[in-house]
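Read the structure below first, then the notes.
Bear in mind the structure is a predicted one, so any value in this text is a computation, not a measurement. Just so we're on the same page: letters track the sequence lines, and every chain starts at 1. Any value given below was found using the heavy atoms of this structure, including those in side chains, with hydrogens, waters and symmetry copies removed.
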There are 2 protein chains.
Amino acid sequence: MTHSTPPHVAILDDEPEIRRMLADALEEAGFRTTCYGRATEFEAGLKRTAPDVCLVDLGLPDRDGLAVVHRLALESGAAIIIISGRAQVQDRVTGLELGADDYIIKPFDPAEVVARIRARLRKGRVETGASSQVAHFAGWRAHFDRYVLVDETGTETPFSHAEGEVLRLFLDSPNRLITRAQMQEALGGAAGESFDRAMDVRISRLRTKLGEDPKNPRLIKTIYGAGYIFLGEVRWA
Amino acid sequence: MTHSTPPHVAILDDEPEIRRMLADALEEAGFRTTCYGRATEFEAGLKRTAPDVCLVDLGLPDRDGLAVVHRLALESGAAIIIISGRAQVQDRVTGLELGADDYIIKPFDPAEVVARIRARLRKGRVETGASSQVAHFAGWRAHFDRYVLVDETGTETPFSHAEGEVLRLFLDSPNRLITRAQMQEALGGAAGESFDRAMDVRISRLRTKLGEDPKNPRLIKTIYGAGYIFLGEVRWA
DNA sequence: TCGAGAATGTTACGAATTCTAACAGTGCGA
DNA sequence: TCGCACTGTTAGAATTCGTAACATTCTCGA
């Protein structure tokens, strides 16, 4: 199920600048954060709130970081990501073996930390089942789980799997050129084939279902000689 | 989903020595492996068997590796680990964003690969071995010990063993594509036989018992040319 | 501005795939 | 043995989707 509140990330690192940097990047990315400088505080904090992800630095003043990770792995359901300056393979292997889900080496780029946290959360959500597969755009709702388009009046129009592949491609990167080659690749058409016409047809059918005016399509624009652009604001729910 | 058999890892890399090395290390560690040198073979293989983890090298001769990853993330429930020589942060971020669960940079140490695979599997395996025999989904309860379906009103509908096999397969991996080949393998239908029609019929009968509208099934969706998807949140009790 | 040629859109058709009803074989218990 | 439930098989209907053919639009040079 979807988080109604933003996911919560706990940060355990003894260096204030690093905490700051991580917290800033994560909040920027839409997460809630809590920072701790010592393992004792951290473990006390866990008793109050259960974070979704824990970022743990191994170099702690008051406790062995690996011991913290191990306890965490046993007792908490949170995803555990180690951040450490110790770059040896052996360090990484033991960290992961003790229950960490990921191991990031210092110095790190905050963008990668965010991406790795997202990857962990994404995976966690799958196990609860229904991934929310609904996109809102231009008055439409596309339900990829039920294969239906719903317009403003609530009328449902089913779409097929092939149409869905195209639509998903568009909704995944709106307002951005998608070349025919990219589309072909994404739709699994083997290269060099006469898949071109088939693609046109898929798009044509999709346009029809979206009620596009053939003379003046508002959502799926053709870029002659290049590809297509899907226009509009897309919100995934 | 309890693994009685060792977890299955699919390896996609164009360099034979790397495939060899990975396969050796993984088999040493107790995994089952299958190697592929090209994306086309790999995708063909996925139609037959669903691996638990996919190791994907981005530098492929016949297809863009990221496109392969993206499709995989959408269609398969497997954990995806990218292995790549491209070490830029931006590469890692896009790889993870496209749906990969981890990103390992070449050159790598096989021991770390094993550790990271274990970390992925550990997270997936939420269910304990205690074989739960009751599944809740979409207002239904399926009692596999008594072979009955119970709806919201408490009305019981018995289902047969063959129907149960299909239903269990669906309830074990909801919201993801199950190809006909995978289903055939899981249901023990010998390859090449005309088991196809039999499968259709099993599913048709199951749909009837679940009260599906033939024109617009809500739970068991057909993916033309590919297989089926069971939709909905499933809770085993 | 016009026209040729290329790129794209649309429609109709048919091959492949899937659905389902009816039938038949099998096994088991009364 | 009979009857019944289960399950595979068959065949015809329904659906999906690519292909071919034709229509339209676009680009660019004359």
Which residues share a side-chain contact (heavy atoms from CB on, under 4.5 Å) with B/Ala50, sequence neighbours left out: B/Gln182
Parallel, tilted or perpendicular: rings of B/His161 and B/Tyr147 (30°, 60°): tilted
Closest non-hydrogen atom pair, B/Pro61 against B/Asp14: CD-CB, 3.7 Å
B/Lys209 NZ to D/dT7 C1', straight-line distance once rounded to whole Å: 11 Å
Nucleotide C/dA16, atom C1' - distance to CG of B/Asp196 in whole Å: 12 Å
From CA spacing to verdict: side chain to side chain contact (heavy atoms under 4.5 Å, CB included), A/Arg218, A/Leu231: CA-CA 7 Å; A/Arg218 316 222 141 236; A/Leu231 295 175; over 6 Å; no
When you compare the protein's N or O atoms with those of nucleotides 20-23 of chain C, which come within less than 3.5 Å of each other, and at what distance?
unit_1: C/dT20; atom_1: OP2; unit_2: B/Ser204; atom_2: OG; d: 3.3

Listed pairs, N/O of protein and of nucleotides 26-30 of chain D, under 3.5 Å:
unit_1: D/dC26; atom_1: O2; unit_2: A/Tyr224; atom_2: OH; d: 3.4

Non-hydrogen atoms of B/Met183 and B/Ile178 that approach each other most closely: CE-CG2, 4.0 Å
Residue closer to the 5' end of DNA chain D, A/Met199 versus B/Ser160 (nearest nucleotide): B/Ser160
Gap between atoms CZ and P, on B/Phe159 and D/dC6 respectively (whole Å): 11 Å
Side-chain N or O of B/Tyr147 closer than 4.0 Å to phosphate OP1/OP2 of D/dC6: no
Backbone N/O of B/Asp24 and side chain of B/Glu27: donor-acceptor pair under 3.5 Å: no
Rounded distance (Å) that lies between atom C1' of D/dT24 and atom CG of A/Asp213: 14 Å
Gap between atoms CZ and P, on A/Arg180 and C/dA6 respectively (whole Å): 16 Å
Flag, side chain of A/Arg116 to backbone of B/Tyr103, donor-acceptor distance under 3.5 Å: yes
Footprint string (nucleotides 25-30 of chain C, 5' to 3'): B base within contact, S backbone only, - free, heavy atoms under 4.0 Å: ------
Heavy-atom pair with the smallest gap, counting every atom of A/Ala142 and A/Phe137: CB-CE2, 3.8 Å
Spacing between B/Leu206 atom CG and D/dG8 atom P, to the nearest angstrom: 13 Å
With A/His8 via side-chain contact (heavy atoms from CB on, under 4.5 Å) - residues at least two apart: A/Arg32, A/Thr34, A/Thr49, A/Pro51, A/Asp52
Gap between atoms CZ and P, on B/Arg202 and C/dC19 respectively (whole Å): 15 Å
Short side-chain donor-acceptor distance under 3.5 Å, A/Gln133 and A/Arg168: yes
5'-most by nearest nucleotide on DNA chain D - B/His161 or A/Ala162: B/His161
Tell me which donor-acceptor pairs under 3.5 Å the side chains of residues 199-206 of chain B have, and how far apart each pair is, sequence neighbours excluded?
unit_1: B/Asp200; atom_1: OD1; unit_2: B/Arg180; atom_2: NH2; d: 2.2
unit_1: B/Asp200; atom_1: OD1; unit_2: B/Tyr228; atom_2: OH; d: 3.3
unit_1: B/Asp200; atom_1: OD2; unit_2: B/Arg197; atom_2: NE; d: 2.8
unit_1: B/Asp200; atom_1: OD2; unit_2: B/Arg197; atom_2: NH2; d: 2.0
unit_1: B/Arg202; atom_1: NH1; unit_2: B/Glu165; atom_2: OE1; d: 2.9

Gap between atoms CG and P, on B/Asn216 and D/dA14 respectively (whole Å): 18 Å
